[in-house]
There are 2 protein chains.
Amino acid sequence: MSLPYAILTALLEKPSSGLELTRRFDKSIGYFWSATHQQIYRELGRLEEAGQIRALPSPVPVRGQRKEYEVLPAGREFLREWVGAAEDPKPLRSALLLRMRAAAVVGSAGLRAELERHLALHRAQLDEYLVIEERDFPAERRGSEPDRLRHLVLRGGIDLERFWVEWLTAALEELGPEG
Amino acid sequence: MSLPYAILTALLEKPSSGLELTRRFDKSIGYFWSATHQQIYRELGRLEEAGQIRALPSPVPVRGQRKEYEVLPAGREFLREWVGAAEDPKPLRSALLLRMRAAAVVGSAGLRAELERHLALHRAQLDEYLVIEERDFPAERRGSEPDRLRHLVLRGGIDLERFWVEWLTAALEELGPEG
DNA sequence: GGCGATTCTGCAACTAGTTGCAGAAGGATC
DNA sequence: GATCCTTCTGCAACTAGTTGCAGAATCGCC
């Protein structure tokens with residue numbers, strides 16, 4: 001649903017082949033909209049079909065050969081329209097909150113270890129974000145408008161991870177040593 | 001993926017028919033794992049098939065007639081195991097953060113109104129949660145273990161909404177009056 | 001220059017979630 | 001007692017996302 005827009009954004013930031021995109025979806029843009037290489041290849045096909053991107057001319061267009069894509073004006077316009085479009089937030093789906101609720105009914109046996117594991121994962125992700133922030137958005141320099149927007153996005157990621165770290169910490173405290 | 005567990009939890013809290021479950025998924029348990037009536041009916045069928053729930057005996061088992069389901073011991077055990085199982089957090093997918101990133105590339109025209117709309121929605125959800133908290137978890141009373149876990153879940157919802165309210169407020173400030 | 005590992009692209013088949021619609025039951029109204 | 005509206009259940013068809021695998025190109029190594 002948002003995948004085509006994610007791909008257009010990524011390609012505008014830098015024209016890429018399918019695999020390059022896949023790698024960039026493992027970090028950077030993928031922090032906020034993840035995708036597998038399969039989804040990406042399929043969507044590249046659709047976007048090309050729709051005339052929103054094109055493969056840079058290459059000698060032999062055969063299977064197994066890398067194709068670099070760039071965004072066409074129609075694709076840029078398509079993305080521009082989406083930025084201002086109305087689209088309701090998707091309802092929350094959190095397996096972890098759900099599990100806690102299940103634990104209230106059938107008991108919290110074994111939950112503690114799992115919460116600790118998630119806590120470690122979220123702490124790691126938070127650290128990763130903080131490194132990126134320090135590298136790309138140093139405190140002193142007040143960047144351009146695009147820079148400030150990108151920083152805002154990263155800030156969102158950071159505060160979301162902080163939320164999870166805090167919630168998990170509180171949950172572990174509440175569970176006590178046995179849970 | 002988590003839907004069967006959500007349904008088992010809901011049915012353990014109270015045996016219900018498909019439609020009752022659907023209504024409860026529009027609030028309460030559905031705040032953390034939403035589902036449409038279609039998903040619910042299909043999953044009820046599967047769970048019954050698998051011997052984890054059963055329809056309470058009714059005179060005429062025909063189409064169009066309400067069926068009330070209850071959880072069988074196998075279903076309770078199935079849920080209990082899931083509570084302690086290892087399951088990685090799903091990567092984040094936020095269309096809103098993605099859009100902000102797209103705005104950094106193609107401009108933020110029209111985005112402001114959308115952010116304001118989302119802000120209002122998140123504020124409303126937050127208020128809803130706060131009313132529930134006051135009703136079900138008054139400050140003075142320190143509840144039982146299950147109560148405390150349920151409160152923790154609600155707290156998660158509350159703090160997530162607070163996060164969005166704060167992020168959206170910061171984003172609107174950053175965008176300035178034109179965006 | 002032949003061989004094996006890796007890179008890059010993609011097909012096929014699957015599960016999860018969504019949307020549109022429709023039929024049966026039962027109550028409300030005249 | 002016929003008609004209409006609502007409730008409840010469910011089928012069918014769709015879109016989105018995931019998983020497993022496989023073929024072609026390329027690169028490193030001997």
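Lettering follows sequence order; numbering is per chain, from 1. Bear in mind that the values here come from a model prediction, so they are computed numbers and not experimental data.
- Taking atom CD1 of residue A:I40 and atom P of nucleotide C:dT9, one finds them 11 Å apart after rounding to whole Å.
- For B:R23, the listed nucleotide lying nearest its side chain is D:dC8; candidates were C:dT18, D:dT18, D:dC8.
- Nearest nucleotide to the B:H37 side chain, out of C:dT18, D:dG17, D:dG10: D:dG10.
- Positionally, the nearest nucleotide of DNA chain D for B:Y69 lies more toward the 5' end than for the other of B:P91 and B:Y69.
- One interatomic measurement links the two molecules: CG of B:L92 to P of D:dG17, which rounds to 13 Å at whole-angstrom precision.
- Between B:W82 and B:Y5, the ring planes are parallel. Angles under 30° get that label, and only those over 60° would be called perpendicular.
- The side chain to side chain contact (heavy atoms under 4.5 Å, CB included) test with B:E174 is passed by exactly one of A:R148, A:E145, A:H151: A:R148.
- Between the C1' atom of C:dC8 and the CZ atom of A:F25 lies a distance of 17 Å, rounded to the nearest Å.
- Computed from coordinates, the B:E68 CD to C:dA25 C1' distance equals 17 Å when rounded to whole Å.
- Protein atom CD of B:E43 is 14 Å distant from nucleotide atom P of D:dG10, rounded to whole Å.
- Residue A:Q38 places its side chain closer to D:dT19 than to any other of D:dT19, D:dT7, D:dC11.
- Taking every side-chain heavy atom of A:K90 into account, C:dT18 is the closest of D:dG10, C:dT9, C:dT18.
- The residues B:R23 and B:D26 are annotated as not salt-bridged, no charged nitrogen and carboxylate oxygen being separated by less than 4.0 angstrom.
- Going from atom CG of A:L19 over to atom P of C:dG10 covers 11 Å, rounded to whole Å.
- In this structure, B:E20 places its CD atom 16 Å from C1' of D:dT6, rounding to the nearest Å.
- Inter-residue side-chain proximity for B:W164 and B:S94 is flagged as met; some heavy-atom pair is nearer than 4.5 Å.
- Atom CG in B:D26 sits roughly 13 Å away from atom P in D:dC8 (whole-Å rounding).
- For A:Q39, counting side-chain heavy atoms from C-beta on, the closest listed nucleotide (C:dA16, D:dT18, D:dC8) is D:dT18.
- Of the candidates D:dG17, C:dT18, D:dT9, D:dG17 carries the atom nearest the A:R42 side chain, counting heavy atoms from C-beta on.
- Taking every side-chain heavy atom of B:W33 into account, C:dG17 is the closest of D:dG17, D:dT19, C:dG17.
- Here A:Y41 reaches the OP1 or OP2 of C:dT9: one of its side-chain N or O atoms lies under 4.0 Å away.
- Side-chain polar atoms of B:S28 and A:R101 form a donor-acceptor pair below 3.5 angstrom.
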